[in-house]
Amino acid sequence: MTRRVPEKPALEGLESKWDQRWERERTYRFDRSKDRHEIFSIDTPPPTVSGSLHMGSVFGYVQTDAVARYQRMQGKEVFYPMGWDDNGLPTERRVQNYYGVRCDPTLPYDPAFVPPEQPVEPPISISRRNFVELCHGLTEEDEKVFEDLWRTLGLSVDWAQTYATIDTHCQRISQKAFLRNLARGEAYSQEAPVLWDVDFRTAVAQAELEDREKSAAYYRVAFHREESGPVYIETTRPELIAACVALVAHPDDERYLPLLGTSVSSPLFGVELPVLAHELAEPEKGSGIAMICTWGDTTDVTWWRELDLPTRPVIQHNGRLTEEVPSWILTESGRVAYERIGGLYPGQAQKVIIEMLGEAGDLDGEPRHITHPVKYYEKGDRPLEIVSSRQWYVRNGGRDPELRAQLLKRGLELDWIPEFMRVRYEHWVNGLSGDWLISRQRFFGVAVPVWYQVGPDGEVDHDHPILPGEDMLPIDPTSHVPPGYDESQRGAPDGFVGDPDIMDTWATSSLTPQIAGHWDDDPDLFHRVFPMDMRPQGPEIIRTWLFATLLRSHYEHDTLPWAHATINGWILDPDRKKMSKSRGNVVTPIPLIEEHGAEAVRYWACNGRPGSDTAVDFGVMRIGRRLAMKILNASRFVLGLSDDVAASEVTEALDRSMLASLRDVVVQATEAFDRFDYARALELVERSFWGWTDDYLELVKSRGYEGGRGAGSAHAALQVSLGAYLRLFAPFLPFVTEEVWSWWREGSVHRAPWPGPADFAGLEGDSTILTITGAVLSSVRKVKSDARASMAAEVASVSIFADTDSLLRLRQAEPDLKAAARAREVAYHEGEFAVETVLAPRDG
RNA sequence: GGGCGUUUAGCUCAGUUGGCUAGAGCACUGCCCUUACAAGGCAGGGGUCGGCGGUUCGAGUCCGUCAACGCCCACCA
């Protein structure tokens with residue numbers, strides 16, 4: 001092959017040049033003919049494409065790519081697909097804002113609908129099908145943006161293996177897995193209190209909750225007794241007094257012992273309520289006695305269930321209090337009072353209630369202002385309410401100690417990188433308080449694939465769902481018809497209805513190993529890649545994605561979905577603050593890559609230790625860019641010296657010394673990579689490389705130029721080492737290493753074998769020769785530097801004091817040392833290590 | 001309230017099983033346009049390893065405790 005070393009190598013343009021070449025030459029295409037043990041499979045996180053691109057994605061994906069490239073060079077066939085998470089609420093919300101539309105499922109489909117150029121106010125109401133079409137259209141655009149970013153970054157994914165969590169394939173797998181869960185009793189539906197977002201009008205799961213500190217006030221409210229004075233409770237939600245079903249105190253609380261078993265009547269509404277005892281009532285909290293409502297918080301739900309209390313909800317699914325007066329309010333004054341709050345939102349109702357309580361004299365003292373944690377849907381803007389609703393659940397150990405123990409055991413089987421991340425999983429599993437709620441009252445997602453029979457009386461029978469066969473999947477029960485029925489029977493007596501809900505996005509993305517591996521339609525492929533080797537992901541989705549994937553695999557395959565889970569750290573902004581939109585400190589990757597180059601950004605990402613939080617650091621990126629430039633220039637130097645020389649030509653001691661230390665680096669970097677510690681591998685290689693350029697190259701430069709005795713040895717050693725460095729850097733800096741590789745080698749460096757001890761067979765040497773010679777050279781440089789002389793200044797003599805062994809080693813590198821130091825004479829003396837340098841007269 | 005992680009030079013970070021006068025890069029200072037590289041090279045200054053206590057011949061490294069920061073979890077009356 002003719003060598004083509006450019007005169008002035010540059011980094012610009014390498015990204016697109018090599019991305020196109022790799023695509024054309026199918027460099028990263030997965031070869032499915034390989035056996036399982038020859039394959040390294042990665043369960044790639046499908047990014048939420050409707051979200052904004054952020055540095056956290058770049059960070060984690062680049063780290064994974066480094067591991068993928070390493071495994072590929074180790075001879076593994078790497079299964080590295082890419083998915084897009086595009087279903088669910090983030091997409092819906094983005095479509096709503098982007099086009100100015102809202103979904104109204106009651107509207108008919110309009111085939112001619114075209115969204116407005118600009119979003120309009122108020123939003124246009126469109127049918128569910130029109131809405132879903134817009135979702136599909138927009139996510140396709142979003143996916144292109146992501147793919148472009150990944151390509152620019154040089155991710156070595158196989159772009160033939162992509163999926164989107166809303167596509168037909170994913171829908172089929174998602175529904176199939178659900179139906180199997182259902183058949184085995186792992187999934188069930190139930191009418192029960194659920195946490196409810198009143199704006200999105202959907203139930204949300206425990207994993208999607210977050211607490212936010214909100215200010216509130218305790219109101220001290222009087223409940224009345226017939227014989228004696230009032231009982232005071234303290235509440236932050238007096239608007240729920242109408243939903244009150246009992247008062248509760250701790251069974252050991254002597255203050256309230258006489259009250260237990262009696263009844264009180266609620267202020268304003270005059271509803272008779274029992275006073276009960278329960279362990280969860282805290283004597284220190286408030287007045288020590290609490291009102292139980294259906295339902296003000298999750299404790300209410302516990303009390304309601306365990307004390308077998310009646311259900312008296314006043315909050316509706318739309319977030320407002322019911323318009324009509326509840327049936328349990330019997331007094332005329334109570335009815336009048338309720339009419340003043342019916343139809344209001346809780347916040348408005350609270351103001352009215354406080355006013356009425358004040359007028360009635362049932363408010364004791366001034367409100368006590370506090371801040372307390374309030375449960376929110378992580379994507380929501382208003383506090384969650386609790387409403388009764390029929391929902392689908394998957395058992396997750398939250399209510400089953402035996403299953404919980406099995407899942408904890410799975411967590412122990414999994415190799416966590418870093419190890420301490422396992423604790424987060426165990427905390428989550430131990431903290432589960434209920435089963436996994438998977439149904440959502442939304443539009444853009446995978447449908448719950450069931451229908452229900454409608455009785456002759458028009459009642460829907462939720463307990464005996466009609467299920468599709470697996471060969472029918474995917475289905476949309478709101479438009480498809482169950483076997484044995486026709487469309488005219490939809491909603492009719494003795495007919496059927498489709499389940500209107502969709503499944504939570506995690507119910508689909510928890511199946512990414514099955515989706516990417518084509519569990520349903522390509523069992524041959526599936527068995528070659530599953531269980532997968534590696535699951536890379538962020539720490540914040542251990543409780544969702546990791547846990548749910550593990551659960552589904554546990555159910556369906558009775559195995560872990562992957563052997564290793566690598567958890568990347570958190571990304572902080574340059575000031576080490578958490579990046580968030582509200583702070584306005586989000587750093588977006590595209591401009592960063594344009595400014596610093598993909599290699600620089602990759603270098604920064606690979607410097608982040610597995611699992612450690614990392615700040616966006618432009619300084620580190622600049623170092624990465626400098627390193628990439630250095631590789632280009634050093635390679636140009638080495639390859640400009642001579643044509644290919646056989647490795648067996650390496651005869652000089654200094655050359656063998658350099659190769660011996662490089663061999664050690666190779667071994668250590670390999671060990672680090674095998675532990676998924678790419679950052680350690682990079683550090684080792686980088687440090688070695690700078691020593692190579694700064695000392696070794698300088699020492700052999702003139703020998704290499706002059707072409708005399710030993711020149712061939714230098715050339716051969718330089719080529720062996722350059723070949724090794726390029727391959728060692730390839731996982732981190734794929735563009736520049738490929739570029740240099742293409743100057744003198746056939747094929748892609750990314751398919752070249754990872755260097756190992758075999759590369760250095762027959763080239764054994766004493767690594768300390770280079771070390772000590774480098775130290776002497778350094779001393780000489782210092783003298784020149786102190787004398788403000790050029791490094792090219794002539795040296796009259798160098799006197800080296802050292803022990804016998806070191807002197808012996810130094811003598812072997814004497815010609816190189818003399819040349820690099822520009823020294824006329826070198827003298828050796830036994831003694832403590834020291835170097836005496838005498839510069840030659842300047843003009844002599 | 002519970003748990004996990006972090007705390008080493010002005011900044012960003014290494015420091016593997018306790019064994020060097022504690023390292024690197026950036027920044028800073030000085031010198032050098034040396035035929036791979038001046039968007040470079042060479043050299044230099046700079047740290048009581050968060051505080052306190054303990055184990056040990058020896059602690060940045062192990063144990064205890066406290067503090068700050070970050071993250072996760074927790075039943076919001």
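From a predicted model like this one, the values you see are computed outputs, not experimental measurements. Just so it is clear: chains get the letters A, B, ... in the order the sequence lines come, proteins before strands, and each one is counted from 1.
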In whole Å, measure the gap between the P atoms of G47(B) and G23(B) for me.
13 Å

Using atom P of each nucleotide, how far apart are C62(B) and G15(B) to the nearest Å?
12 Å

Closest listed nucleotide, where the reference is the side chain of [X] and the choices are [options]:
X	options	answer
T235(A)	U12(B), A77(B), G30(B)	A77(B)
A281(A)	A77(B), C42(B), G2(B)	A77(B)
R822(A)	A77(B), U35(B), C76(B)	U35(B)
D613(A)	U34(B), C37(B), G70(B)	G70(B)
E282(A)	G41(B), A77(B), A14(B)	A77(B)
D694(A)	C42(B), C4(B), A14(B)	C42(B)
S790(A)	C76(B), C73(B), C32(B)	C32(B)
K782(A)	G44(B), G30(B), C76(B)	G44(B)

W304(A) CH2 to A77(B) C1', in whole Å, measures 18 Å

Give the rounded distance in Å between these two atoms: CD of E426(A) and C1' of C72(B).
14 Å

Looking across every strand, which nucleic acid part, if any, lies under 4.0 Å from [X] by heavy atom: base, sugar-phosphate, or nothing?
X	value
D617(A)	sugar-phosphate
I623(A)	sugar-phosphate
R609(A)	sugar-phosphate

Just name whichever nucleotide pairs with [N], Watson-Crick or G-U, keeping both distances under 3.5 Å, else none.
N	value
A24(B)	U12(B)
C42(B)	G30(B)
C52(B)	G64(B)
U35(B)	none
C4(B)	G70(B)

According to a strict under-4.0 Å criterion, is [X] in side-chain N/O contact with OP1 or OP2 of [N]?
X	N	result
T236(A)	A77(B)	yes
R626(A)	G41(B)	yes
H278(A)	C75(B)	no
K375(A)	A74(B)	no
Q206(A)	A74(B)	yes
S778(A)	A43(B)	yes

Parallel, tilted or perpendicular: which describes the rings of [X] and [Y], with under 30° parallel and over 60° perpendicular?
X	Y	answer
W428(A)	F547(A)	perpendicular
F673(A)	F732(A)	parallel
Y696(A)	W692(A)	parallel
H596(A)	F618(A)	parallel

Going by salt bridge (Lys or Arg N to Asp or Glu O under 4.0 Å), R543(A) matches just one of E426(A), E210(A), E378(A), E208(A). Which one?
E378(A)

Result for 5'-nearest mapping on RNA chain B, choosing between L697(A) and S779(A), is L697(A)

Ranking K630(A) and V423(A) by the position along RNA chain B of their nearest nucleotide, the one closer to 5' is V423(A)

Are P267(A) and I241(A) close enough that some pair of their side-chain heavy atoms sits under 4.5 Å apart?
yes

Walk me through whether R625(A) and E599(A) qualify under salt bridge (Lys or Arg N to Asp or Glu O under 4.0 Å).
CA-CA 6 Å; R625(A) 189 176 172 84; E599(A) 308 272 41; over 6 Å; no

